[in-house]
Amino acid sequence: MSLPHAILTALLEKPSSGLELTRRFDKSIGYFWSATHQQIYRELGRLEDAGLIRALPSEAPVRGQKKEYEVLPAGSAELGRWVGERQDPKQVRDPLLLRIRAAAVVGPQGLAEELRRHLELHRAQLAEYEAIEEKDFPAGRDAAQDRLRRVVLHAGTGLETFWLRWLEEALATVEGMSGPRT
């Protein structure tokens, strides 16, 4: 149920076409909730059918012209309802964790290299988040809306920091093992 709410959020921030939404997802919301171009267009149709958004009227209808959408009052109300809804945390499902568990019984062959690769990926993601913070939240700017966006960004930096510490610990453990267990 989160994709429609992600789209409503993005449209409330700025009325957009499906293509613009896809691009914006790639640059912001996509860091924590991804969606394909097709998923976004399909969901736009559902939201419009449900009366939560509408296509903005265009001055001259042209075949193939991109439609821009805006959120209707019912969409704002739905998003507000969803924000306050109770939802339990989701279980972490990362194949790397399962692979490490499997290495406990078959041995860690090749695992150290994969852990190093993950370390580099998480370092790069942390650097990207830090660059976003520097660009989008300069010192001295403290708009109320920015505070909540910054909290979301801090979740990302906190998670990446956690993964870096954990991967370093896992790598040290794997490198300290003498061989496969039997």
Side-chain angles (χ1 to χ4, degrees), residues 1-14 16-41 43 79 82-178 180:
M1 188 70 157
S2 296
L3 179 56
H5 297 99
I7 291 172
L8 287 171
T9 299
L11 289 175
L12 277 170
E13 290 173 340
K14 179 183 177 213
S16 303
S17 69
L19 181 58
E20 290 167 336
L21 281 172
T22 300
R23 290 179 180 150
R24 288 175 53 210
F25 261 70
D26 289 344
K27 294 179 184 174
S28 62
I29 293 173
Y31 287 112
F32 54 91
W33 195 267
S34 62
T36 65
H37 188 73
Q38 292 84 3
Q39 289 171 314
I40 289 172
Y41 273 95
E43 203 56 55
L79 190 58
W82 181 74
V83 165
E85 183 178 80
R86 181 181 170 148
Q87 186 175 32
D88 294 336
K90 299 291 180 206
Q91 181 182 33
V92 174
R93 291 178 54 135
D94 189 312
L96 183 61
L97 297 172
L98 183 56
R99 292 168 66 196
I100 291 172
R101 178 73 185 251
V105 293
V106 298
Q109 56 275 11
L111 188 56
E113 186 175 322
E114 182 66 356
L115 291 170
R116 282 189 212 92
R117 189 178 77 80
H118 277 254
L119 265 168
E120 289 310 309
L121 291 170
H122 285 284
R123 283 185 185 120
Q125 188 63 62
L126 179 60
E128 192 168 340
Y129 287 155
E130 289 169 341
I132 290 169
E133 181 156 21
E134 188 174 308
K135 179 180 73 95
D136 292 351
F137 305 104
R141 186 173 117 188
D142 190 33
Q145 221 177 31
D146 283 350
R147 289 183 207 147
L148 291 177
R149 289 184 181 128
R150 191 176 225 165
V151 166
V152 173
L153 182 59
H154 285 173
T157 57
L159 285 169
E160 293 306 324
T161 301
F162 159 79
W163 280 112
L164 289 172
R165 280 194 313 261
W166 180 82
L167 284 161
E168 288 166 354
E169 176 188 352
L171 181 59
T173 300
V174 167
E175 289 175 336
M177 296 175 74
S178 58

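Each residue takes its place number in the sequence, starting with 1.
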Find out whether Arg149 and Glu13 are in side-chain contact, i.e. whether some heavy atom of one side chain is under 4.5 Å from a heavy atom of the other. yes
Out of curiosity, Gln125 CD to Glu130 CD, how far, rounded to the nearest 0.5 Å? 10.5 Å
Which atoms form the tightest heavy-atom contact between Gly18 and Ile40, and what is the distance? O-CG2, 4.2 Å
Evaluate salt bridge (Lys or Arg N to Asp or Glu O under 4.0 Å) for Glu113 paired with Arg116, printing each intermediate quantity in order. CA-CA 5 Å; Glu113 186 175 322; Arg116 282 189 212 92; 5.8 Å; no
All heavy atoms of Leu21 vs all of Ser16, minimum pair found to be CG-CB, 4.0 Å
After noting the C-alpha distance and the side-chain angles of Arg23 and Leu19, does the key distance pass the side chain to side chain contact (heavy atoms under 4.5 Å, CB included) rule? CA-CA 6 Å; Arg23 290 179 180 150; Leu19 181 58; 3.5 Å; yes
Between Phe25 and Ile7, is the side chain to side chain contact (heavy atoms under 4.5 Å, CB included) condition met? List the steps. CA-CA 9 Å; Phe25 261 70; Ile7 291 172; 4.1 Å; yes
Only pairs under 3.5 Å count here: list side-chain donor-acceptor contacts from residues 161-174, not counting sequence neighbours, and write none if there are none.
{"residue": "Thr161", "atom": "OG1", "partner": "Thr157", "partner atom": "O", "Å": "2.8"}
{"residue": "Thr173", "atom": "OG1", "partner": "Glu169", "partner atom": "O", "Å": "2.9"}

Looking only at heavy atoms, which two atoms of Arg150 and Phe137 are closest? And how far apart? NH2-O, 3.2 Å
Shortest non-hydrogen contact from Trp82 toward Ser2: CZ2-OG, 3.7 Å
I would like to know whether Arg117 and Glu114 meet salt bridge (Lys or Arg N to Asp or Glu O under 4.0 Å); could you show each step before the answer? CA-CA 5 Å; Arg117 189 178 77 80; Glu114 182 66 356; 2.9 Å; yes
Shortest non-hydrogen contact from Leu96 toward Asp94: N-OD1, 2.8 Å
Interatomic distance, Leu111 atom CG to Ile100 atom CD1 [nearest 0.5 angstrom]: 5.5 Å
Which atom pair, heavy atoms only, marks the closest approach of Arg24 to Ala10? NH2-O, 2.7 Å
